[in-house]
Amino acid sequence: MLPRYRSSEKTSSNPQNCNLLSFVIGHLSLVIGYLSFVIWYCLPYLHSPLTIPHSPVPIPHSLLNMNLDSQTPQDAEEPMFSHIPVLSREIIEGLAVRPGGHYLDATLGGGGHSRLILKTAENVQLTAIDQDADALAAAQKYLNEYQDRVNFVRSNFAAYDFTQSNFDGIIADLGVSSYHLDTPERGFSFRHAASLDMRMDQRQSLTAADVINDWDEAELADIFFKYGEERLSRRIARRIIERRPLHNTVELADAIASCVPAKYRYGRIHPATRVFQALRIFVNDELKSLETFLDKAPNALVPGGRIAIISFHSLEDRLVKHSLRNSPLLRVLTKKPITAQEDELNQNPRSRSAKLRIAERRE
Ligand SMILES: C[S@@+](CC[C@H](N)C(=O)[O-])C[C@H]1O[C@@H](n2cnc3c(N)ncnc32)[C@H](O)[C@@H]1O
């Protein structure tokens, strides 16, 4: 057994060490506290809006031409139509593009998927629809070398006049493009203060500002719950009413962040993400348009023709899944949705939530 004095000797000889230790621990806690505060404070700004399906992490322009031939380099002065075609391998393979075929791209965007269709087989004809004038202008330039084979149409795909048995394949890559999210004045994102617009088709009169500033509390709560699956919809709607009029995207995001619990405020996604998604879907009547499109499109396929649809959130995917499955004209080719593979996930964060479903018109 050790003599007792040894332990007392040990303690009595250590006051300096103890002081030093407390000094170090004290300062360490201060530094950790400071760092945590900085991280907490910055977190909301690190998140981009709409992380649910359309994770708009700014995409390096160098990735733009991935999977595309780069004969038409993008002009750096142009608005950034940096949409990387999501699931491009899978959609082109699934479509089984054939020479001389006629295809429909119902969501032209920057023209990424269209270009792949055009270069996959000889003499392919393409009808390309978008309701956004900026998208059409950018894609027309991007697809310049194929212009004699492309028919550009500015329209909502739901309003498009489908002709029976006209297309060998139809694709739709739903929702907004990175261009929309990255262009502040379009009002889709709360990364920059911009007017609450959110219209994909700028000819439309209803904007997000109209909804946020004029609609009543119960209606707002309904929109947030139905289209954003937002659990705190009522509380958020109440706060918006208290703070109205809201002049821009950042004021709206701040109002939302101010009324949610702290754990929500500093969670995985910014607390305004779901509300922004809901508003966007509502303003553009996205689900109704999708429903109409899914109803009309199968009839426009030739027998054996294929329809391939990429969706980015569960509300869309549910509609696509049921509509393809329930159509008497179609045979579903994807029992489970196709999702992005590792290499694409690493290159394009937006592909994380993409789901591709494909069906074929029965003979
Ligand atoms: C995700 S982007 C498509 C990107 C495109 N696949 C590419 O590779 O560049 C979706 C595009 O579809 C358009 N869009 C969305 N809903 C639409 C609708 N109902 N009718 C017509 N265009 C629509 C949007 O304006 C946007 O430009």
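Predicted model, so just to flag it, every value in this text is computed and none were measured. Both counts, for ligands and for their atoms, begin at 1 and track the order of listing.
- Of all the atoms in ligand 1, the ones that sit under 4.0 Å from a non-hydrogen atom of S155 are 20 (N), 21 (C).
- Ranked by closest heavy atom to atom 6 (N) of ligand 1, the top entry among R199, K288, H113, R115 is H113.
- Residues meeting the side-chain hydrogen bond (donor to acceptor under 3.5 Å, both in side chains) test with Q125, sequence neighbours left out: none.
- Because its NZ or CZ atom is not both nearer than 6.0 Å to the ring centre of F188 and within 45° of the ring axis, R280 does not count as a cation-pi partner of that residue.
- Contact annotation for E286 and ligand 1: no heavy atom of the residue comes within less than 4.0 Å of the ligand.
- Close approach to M200 involves these atoms of ligand 1, each under 4.0 Å from a residue heavy atom: 14 (N), 15 (C), 16 (N), 24 (C), 25 (O).
- Atoms of ligand 1 found under 4.0 Å from any heavy atom of R350, numbered from 1 in the order shown, are 1 (C).
- Put simply, F282 and F225 are part of two different groups of oily side chains (I, L, V, M, F, W, Y) that touch within less than 4.5 Å, one to the next.
- For atom 10 (C) of ligand 1, the nearest non-hydrogen atom from the set S88, A106, G175, G109 comes from G175.
- Residue contact check: G111 has heavy atoms under 4.0 Å from atoms 7 (C), 9 (O) of ligand 1.
- Under 4.0 Å from ligand 1, not a single heavy atom of D105 appears.
- Which parts of ligand 1 touch L108 is read off a 4.0 Å heavy-atom cut-off, strictly below it: atoms 5 (C), 7 (C), 9 (O).
- Counting all heavy atoms, side chain and backbone alike, E344 lies closest to V86 at OE2-CA, 3.4 Å.
- Applying the 4.0 Å criterion to heavy atoms of G112 picks out, from ligand 1, the atoms 7 (C), 8 (O), 9 (O).
- With a 4.0 Å heavy-atom cut-off, ligand 1 is reached by no atom of N284.
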For this session: Could you go through the side chain to side chain donor-acceptor pair (under 3.5 Å) check for T107 and D173 one step at a time?
Result: CA-CA 6 Å; T107 52; D173 172 16; 5.2 Å; no
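- Checked against a 3.5 angstrom limit, the closest N/O atoms of A135 and ligand 1 fall outside it.
- Counting all heavy atoms, side chain and backbone alike, A128 lies closest to S114 at CB-OG, 4.3 Å.
- Checked by atom type, the side-chain pair Q204/D201 shows no donor-acceptor distance below 3.5 Å.
- Contact atoms of ligand 1 toward L174: 1 (C) (distance under 4.0 Å to a heavy atom of the residue).
- Nearest approach of D216 to I241, heavy atoms of both residues: C-CD1, 4.2 Å.
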